[in-house]
Amino acid sequence: MNLLAPSILAADFAVLGEQIRQADAAGADYIHIDVMDGMFVPSISFGMPLISSIRKVTKKVFDVHLMVEEPQRYIRDFADCGADLLTVHAEACRHLDRTLQQIREAGLKTGVALNPATPLNALDYVLDKTDMVLIMTVNPGFGGQKFIPGTLEKISELRKKLDAKGLKTDIQVDGGINKDTLPAVLKAGANVAVAGSAVFQGDIEKNVKMLKEIMK
Ligand code: DX5
Ligand code: ZN
């Protein structure tokens, strides 16, 4: 199934709850929550207190994208503040296999993110512990960047690899996704699309409905 995950990084934090409600009502499937630590990526975004607060405004899946060094330090905290799905970067985990195991033990779904320069074989021995693979379509750290076209080949290679193993693992794409880039990533085999600016800039309801229409 194709799913839309609006990234709240692009929302207006002064009215964040209201904007999440609008995205939810318009048909968003997940709420994508970008946590940045100022180490793995240059920016610092927000953390657990914000996630606990917005947990009250929607029942949608909280898809938490951790751009954090050694994220296993915080698995319990993210579970406690309401995360449903925790995505960690392969590049940020010294013991990726153990980290994924711990996320599942905490009762959450697992995601592994790969930066544009990271090869797919980083996943080879952890696919059985991965519910979703996040193929970054920009270099992580900021919203509003331009989609990197070379990532399309990576998405289709991953879809082939998963099909060959009979796996139904979700493929998420994140960065520069909008009405123009969405058709190509879907065609390549992605089925979960993150969109920040393309949802929160302008009319949220209209944007969500338009992107969902493309995903049908
Ligand atoms: C980038 C973040 C993205 C970002 C996407 O580091 O992981 O989720 O918010 O923003 P857009 O859709 O504006 O590229
Ligand atoms: Zn993200």
Side-chain angles (χ1 to χ4, degrees), residues 2-13 16 19-20 23 26 28-47 50-51 54 60-69 71 74 78 83-93 108-118 130-152 154-155 170-186 190-204 206-208 210-212 214-215:
N2 289 340
L3 304 170
L4 179 67
S7 162
I8 60 165
L9 191 63
D12 178 350
F13 294 162
L16 183 57
Q19 295 203 341
I20 292 172
D29 299 289
Y30 290 178
I31 302 298
H32 185 81
I33 301 174
D34 287 305
V35 178
M36 303 179 178
D37 68 349
M39 287 294 286
F40 182 68
V41 290
S43 307
I44 297 176
S45 57
F46 43 69
L50 179 132
I51 300 174
I54 60 174
K60 294 282 159 85
V61 167
F62 271 11
D63 157 30
V64 179
H65 176 193
L66 295 179
M67 284 161 274
V68 170
E69 285 292 346
Y74 302 112
F78 283 107
D84 298 296
L85 161 59
L86 263 197
T87 296
V88 297
H89 271 263
E91 306 86 359
C93 298
L108 307 183
K109 288 252 159 62
T110 59
V112 178
L114 300 181
N115 283 338
T118 304
T130 306
D131 299 304
M132 183 178 82
V133 177
L134 167 50
I135 300 292
M136 288 304 302
T137 44
V138 298
N139 289 290
F142 307 94
Q145 302 182 80
K146 209 167 157 285
F147 177 80
I148 300 172
T151 56
L152 286 173
K154 194 174 180 182
I155 299 163
D170 287 319
I171 301 181
Q172 184 176 52
V173 283
D174 184 6
I177 303 299
N178 54 39
K179 64 173 176 10
D180 303 319
T181 53
L182 185 54
V185 292
L186 295 172
N191 69 307
V192 186
V194 176
S197 337
V199 165
F200 290 101
Q201 274 177 20
D203 185 330
I204 297 169
K206 220 171 103 196
N207 291 339
V208 167
M210 185 241 318
L211 295 171
K212 287 283 293 181
I214 299 173
M215 298 184 85

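The basis for the numbers below is simple: all heavy atoms, side chains too, and nothing from hydrogens, waters or symmetry mates. Counting starts at 1 for both ligands and their atoms, following the listed order. Here the structure is a predicted model, which means the values were calculated and not measured.
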* Given the rule in the side chain to side chain donor-acceptor pair (under 3.5 Å) test, do H65 and D63 qualify, once you have shown the distances and angles that lead to the verdict? -> CA-CA 6 Å; H65 176 193; D63 157 30; over 6 Å; no
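Residues meeting the salt bridge (Lys or Arg N to Asp or Glu O under 4.0 Å) test with D203, sequence neighbours left out: none. Partners of F40 according to the ring-ring contact (aromatic ring centres under 6.0 Å, His included) rule, which considers only residues two or more places apart in sequence or in another chain, are H89.
For the pair T137 (side chain) and I148 (backbone), a donor-acceptor distance under 3.5 Å is absent. Formation of a donor-acceptor pair under 3.5 Å by the D34 side chain with backbone atoms of L9 is not found in this model.
Here the side chains of T151 and V173 are not in contact, with every heavy-atom distance at 4.5 Å or above. In this structure the side chain of D170 never reaches within 4.5 angstrom of the side chain of D131, judged on heavy atoms. L66 places none of its side-chain heavy atoms less than 4.5 Å from the side chain of Y74.
Among protein atoms, those of element N, O or S found less than 2.8 Å away from the Zn ion (ligand 2) are H32 NE2, D34 OD1, H65 ND1, D174 OD2.
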Could you list each nitrogen or oxygen of ligand 1 that sits under 3.5 Å from a protein nitrogen or oxygen, with the atom names and the distance?
{"residue": "ligand 1", "atom": "6 (O)", "partner": "G141", "partner atom": "N", "Å": "2.8"}
{"residue": "ligand 1", "atom": "7 (O)", "partner": "D34", "partner atom": "OD1", "Å": "2.9"}
{"residue": "ligand 1", "atom": "7 (O)", "partner": "H65", "partner atom": "ND1", "Å": "3.2"}
{"residue": "ligand 1", "atom": "7 (O)", "partner": "D174", "partner atom": "OD2", "Å": "2.8"}
{"residue": "ligand 1", "atom": "8 (O)", "partner": "H32", "partner atom": "NE2", "Å": "3.4"}
{"residue": "ligand 1", "atom": "8 (O)", "partner": "D34", "partner atom": "OD1", "Å": "3.2"}
{"residue": "ligand 1", "atom": "8 (O)", "partner": "D34", "partner atom": "OD2", "Å": "2.7"}
{"residue": "ligand 1", "atom": "8 (O)", "partner": "D174", "partner atom": "OD1", "Å": "2.7"}
{"residue": "ligand 1", "atom": "8 (O)", "partner": "D174", "partner atom": "OD2", "Å": "3.0"}
{"residue": "ligand 1", "atom": "9 (O)", "partner": "S7", "partner atom": "OG", "Å": "2.9"}
{"residue": "ligand 1", "atom": "9 (O)", "partner": "D34", "partner atom": "OD2", "Å": "3.1"}
{"residue": "ligand 1", "atom": "12 (O)", "partner": "G196", "partner atom": "N", "Å": "2.8"}
{"residue": "ligand 1", "atom": "13 (O)", "partner": "G144", "partner atom": "N", "Å": "2.9"}
{"residue": "ligand 1", "atom": "13 (O)", "partner": "S197", "partner atom": "N", "Å": "3.1"}
{"residue": "ligand 1", "atom": "13 (O)", "partner": "S197", "partner atom": "OG", "Å": "2.3"}
{"residue": "ligand 1", "atom": "14 (O)", "partner": "G176", "partner atom": "N", "Å": "2.8"}

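Between V138 and Q145, the closest heavy-atom pair is CG2-NE2, 3.5 Å.
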